[in-house]
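Here the structure comes first, spelled out in C-alpha cells, and everything after it is commentary.
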Amino acid sequence: MDIMRVSQLLNPTLREVPAEAEVISHQLMVRAGLIRKSASGFYTYLPLGLRVLRKIETIVREEMDNTGGQELLMPIMQPAELWKESGRWDVYGDELMRLKDRHNREFCLGPTHEEIITDLIRGEVRSYKQLPLLLYQIQNKYRDERRPRFGLMRGREFVMKDLYSFDRDEAGLAESYQKMYDAYCRIFARCGLAYRAVEADAGAIGGTGGTHEFMVLADSGENAVVYCPGCSYAANVEKAECRPQVIEDVSPKGQRTLVFTPKVKTIEALSEFLSVPKTTLVKSLLYQGDEKLFLVLIRGDRALNEIKLNNALGGFVSLQLASPEDVEKVLGCEPGSVGPVDVPEGLMVVADEEVPLMKKSVCGANKADYHFVDAVPSVDFRIDQVLDLRMMEPGEACLKCGTPLKEARGIEVGQVFKLGTKYSKAFGATYLDLNGEEKFCVMGCYGVGVSRSIAASIEQNHDDYGIIWPMPIAPYQCIIVPVSTKDELVVETAEKLYLELKRLGVEVVLDDRDERAGVKFKDADLVGYPLRVTIGSKTLANGQVELRERKTGETQLILVEEVVKQVKTMIEQALSF
RNA sequence: CGGGGCAUAGCGCAGCUUGGCUAGCGCGCCUGCCUUGGGAGCAGGAGGCCGGGGGUUCGAAUCCCUCUGCCCCGACCA
C-alpha cells in the first residue's frame, strides 16, 4: 500500500500572507497550498484543494441522486443560436464570455445552462409519462465578472452544480422545488456550514415563481440579508418587502413656496440648510430604463432599491440614473435640483409607497438654487404609480411577526428558482398531457456554488492558526506527525499507524519531512487536518501517542494499540449528522 | 466602466524623490554541521530581461511616453 507522504505532496504552504489576498478564506487557501492563481478570477486547484472540491461534489451528488436527480454533462461552450433564441444573448451583456470558432460562428462559455437543457428536452420529451424529470450536472461555469474578487468567492470560472426540473404543472414544480430546498438544507448542513435560506430576487435568470437563496453567514459576504430573530423570516435586502412607515409630519404649514437654497444640491445639505428632517424631503431621481426616462420619488431618508424598481417596471435590460445631459434636456436643470412639480406631461412619475403618505414635503424645483417647501404629494405634483421601491432597513418590524429585523452579511452558496414556462415557451418545450393536449413543461432551476462553498466554509471555520475543516469536507481526515525522523521506533510506529488507519478507510497523510516538530505542527494547523496523531520518543516510551483535535485543541494521550480505533470512532462521529 | 494603488528572486518587501560600479534585505530553497514537542542555530551556496515596448542620457530599477497585468473602493451582476 502506498503511503501519502507530506514530503512528496504538492502542498506549498506559505508563512506570509500573499499581498493579493484580502479576505481570510482567500489568504488561507493560498497559504495552506490549496490553490494558486492563474489569472484574475481563474485558479488552479492543487491536490489538497481539489480533494476538498471533490468532497463537496460528492456530497452534492449524493443528495441530488437521493432526490431523484439524474446526472448528465452539458458542454461548456454553447452556440450563440440558443442564446439568441431565449433572448439572453443580448440581455446577458458583457458578463457573457463570447468567442468565435474558425468559421466565425459565435459561441459563449456557459454561465448557466437553461438554454442547452431546454433545447435537449424539447427534442426528447413527448409525453406526460416522462415527467417529472430532474436533471443535473456539476460543471465549470464562466462569467466575465467586472470585478472578480476574494479568490474563489467570485471568480470568472467556477464550479457549480445546476439542476433543472421539468414538471407537468405548477403543482409538480412546487413539489420539485420543495425537494430541492430540502436537499439543499441537507447539503449545507453536511458541509458543516451555518446557513440561512432567504427570500430573494430572481435577477437575470428570470422566472415567475418564488426563489430562495442559501446564504452562509459571514462578515465578508457580498450580500446583505435581513432576518427575523423572532420567526423564520429572512430575505435578501434586494428582495425584502417593506411596509410604508408613517412619519409624523413636522414640516411647516402653508402653501407650496419656492425658496432660495443657494448651492444646495444634496439631501444632506438641504436638510441642514432648511433645518428639517430628511423624512420630510422627497428625493427625485431621473432614471433611464433602456430608452425610456422616468422620474422616481422616494423619501429623503430612504435608499432606492434599483432591483425593486426594475422588477416593478417590467424589467429593463439596463437601468441607470439618467445622465446630467438628459436631466438638463428633460427638466432644464442639473441633477441636484430635480423635483416632481410641473414635470413634462409624458414623463412617468413613480413613487415609493411612503411618498403619498407625506402630508407636505420639500422637493427640488427643477431650477438651480431653488426648492419647494410644503409641496403636497398628488396635489402639487402628479404621481402615476405607487410602488414599494425602497431598501429595507434593519430594525424595521418583521412583516410576519413584528419583531425588529436584524441585518447580516451572507455568502450566497445556493439558489433555488421557480422558472415556470419562461424557457419552455421560448424553446417550445412541450409535452402531450393525459388528454392529448399540448402543454409547456413547467421548469425550475437550482444551483449550488461548489467552489464558492469552499471559501464560505473557511470563512466560517478558521482561527489564527489556519483552517479548521469540518470532517466531511477535509482534504484528509488525519495527519500523522512523527516528531523525530531519527528515532527508528517513532518512524516505524508512524508508518505502522498510517497503514492501519488507511486499511480502515481513514483518509490519512504521514508528515515524514525532516523538519522540526514546530514546523510540522504549524503546517498541520494551517492546512486544517481535523485530527493529528503525534508520535514522540518520550510518550512512546510509555507506549503512548498523542491524539489532537484541530477544532478544540483538545489532546489526549492514548496507547498505541488503541489510537487507531479512537481515530476511527471520532471520524465516524464527526461524519454522522 | 469610473476612482485609487501596485508591478524588483518562489513569498513578503527596500532601493526610485536627487540616474552612476557586481541590485539589496527577511522568509523559503540547496549543501554541511548541529538540532528535533510549536515556524531553532552556525557556515557556505543557488536563484533577477527590476512586468513588456519605446524614448531621454555617456549611463536607466530610478526620468518621460505607451501597453499589459494585478489589487482595492464604487458602479454592475447570477
Side-chain angles (χ1 to χ4, degrees), chain A residues 10 12-23 26-27 30-31 33 36-42 88 91-96 110-114 141-151 153-156 158 160 162 200-207 211-214 222-223 236 238-239 306-307 310 316-321 323 411-417 419 445-449 452 464-466 481-487 490-491 511 513-527 532-540 544-546 548 553 555 557:
Chain A
L10 181 61
T13 54
L14 301 176
R15 295 189 183 195
E16 288 174 278
V17 179
E20 66 177 32
E22 178 77 2
V23 299
H26 187 194
Q27 293 174 358
V30 175
R31 282 192 59 210
R36 286 292 183 265
K37 186 170 64 187
S38 161
S40 180
F42 293 91
R88 290 207 294 182
V91 174
Y92 229 95
D94 292 336
E95 200 146 308
L96 197 59
T112 173
H113 283 71
E114 281 84 5
K141 303 282 196 238
Y142 296 82
R143 290 183 195 171
D144 197 356
E145 294 283 350
R146 289 183 177 200
R147 183 140 93 88
R149 311 183 233 216
F150 303 158
M153 204 95 91
R154 180 170 288 262
R156 292 194 284 177
F158 54 97
M160 187 171 181
D162 46 327
D201 176 72
I205 283 198
T211 171
H212 286 84
E213 290 169 335
F214 286 78
E222 295 186 276
N223 300 87
N236 192 314
E238 294 173 349
K239 164 77 178 180
E306 285 191 4
I307 290 167
N310 201 6
F316 295 104
V317 174
S318 89
L319 175 73
Q320 57 193 344
L321 273 169
S323 65
I411 301 164
E412 186 192 339
V413 290
Q415 185 160 16
V416 290
F417 286 98
L419 290 174
C445 79
Y446 315 85
V448 170
R452 181 183 280 180
D464 291 347
Y465 301 103
V481 179
V483 163
S484 162
T485 54
K486 300 287 187 292
D487 184 328
V490 166
V491 174
D511 194 347
R513 293 176 301 169
D514 185 18
E515 289 285 357
R516 297 167 61 84
V519 174
K520 298 190 190 184
F521 294 157
K522 290 288 184 191
D523 270 349
D525 285 348
L526 176 60
V527 173
R532 187 182 87 199
V533 175
T534 310
I535 302 161
S537 311
K538 284 176 201 146
T539 58
L540 199 56
Q544 291 175 314
V545 295
E546 184 186 288
R548 183 173 193 269
T555 61
L557 281 173

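We name chains A, B, ... by the order of the sequence lines, and we start the count at 1 in each one. The structure displayed is predicted, hence computed values, not measured ones.
- Residue A/K520 is classed as having no contact, given no heavy-atom separation below 4.0 Å to the nucleic acid.
- One can find a donor-acceptor pair under 3.5 Å joining the base of B/rC77 and the side-chain atoms of A/R154.
- On a pure distance criterion of 3.5 Å, a polar donor-acceptor pair joins the side chain of A/E16 and the base of B/rG26.
- One interatomic measurement links the two molecules: CZ of A/R147 to P of B/rG74, which rounds to 7 Å at whole-angstrom precision.
- If you check B/rU35, B/rG26, B/rC73 against the side chain of A/R516, the one that comes closest is B/rU35.
- Contact annotation for A/E515: base contact, defined as any heavy-atom pair under 4.0 Å involving a base atom.
- Between A/R15 and B/rG28 there is a side-chain N or O to OP1 or OP2 distance below 4.0 Å.
- Taking CG of A/D162 as the reference point, atom NE2 of A/H113 lies at 6.5 Å (rounded to 0.5 Å).
- Picking from B/rC70, B/rG39, B/rC73 the nucleotide with the shortest atom distance to the side chain of A/V519 gives B/rG39.
- The P atoms of B/rG20 and B/rU35 are separated by 47 Å, rounded to the nearest whole Å.
- Annotation: B/rC64 and B/rG19 have their C1' atoms spaced 13 Å apart (nearest Å).
- Of the inter-residue distances, the one linking A/D523 atom CG with A/R15 atom CZ reads 8.0 Å to the nearest 0.5 angstrom.
- Here A/R513 lies out of heavy-atom contact (under 4.0 Å) with every strand.
- Each of A/D94, A/T112, A/L96 was compared with A/R143 under the side-chain contact (heavy atoms from CB on, under 4.5 Å) criterion, and only A/T112 meets it.
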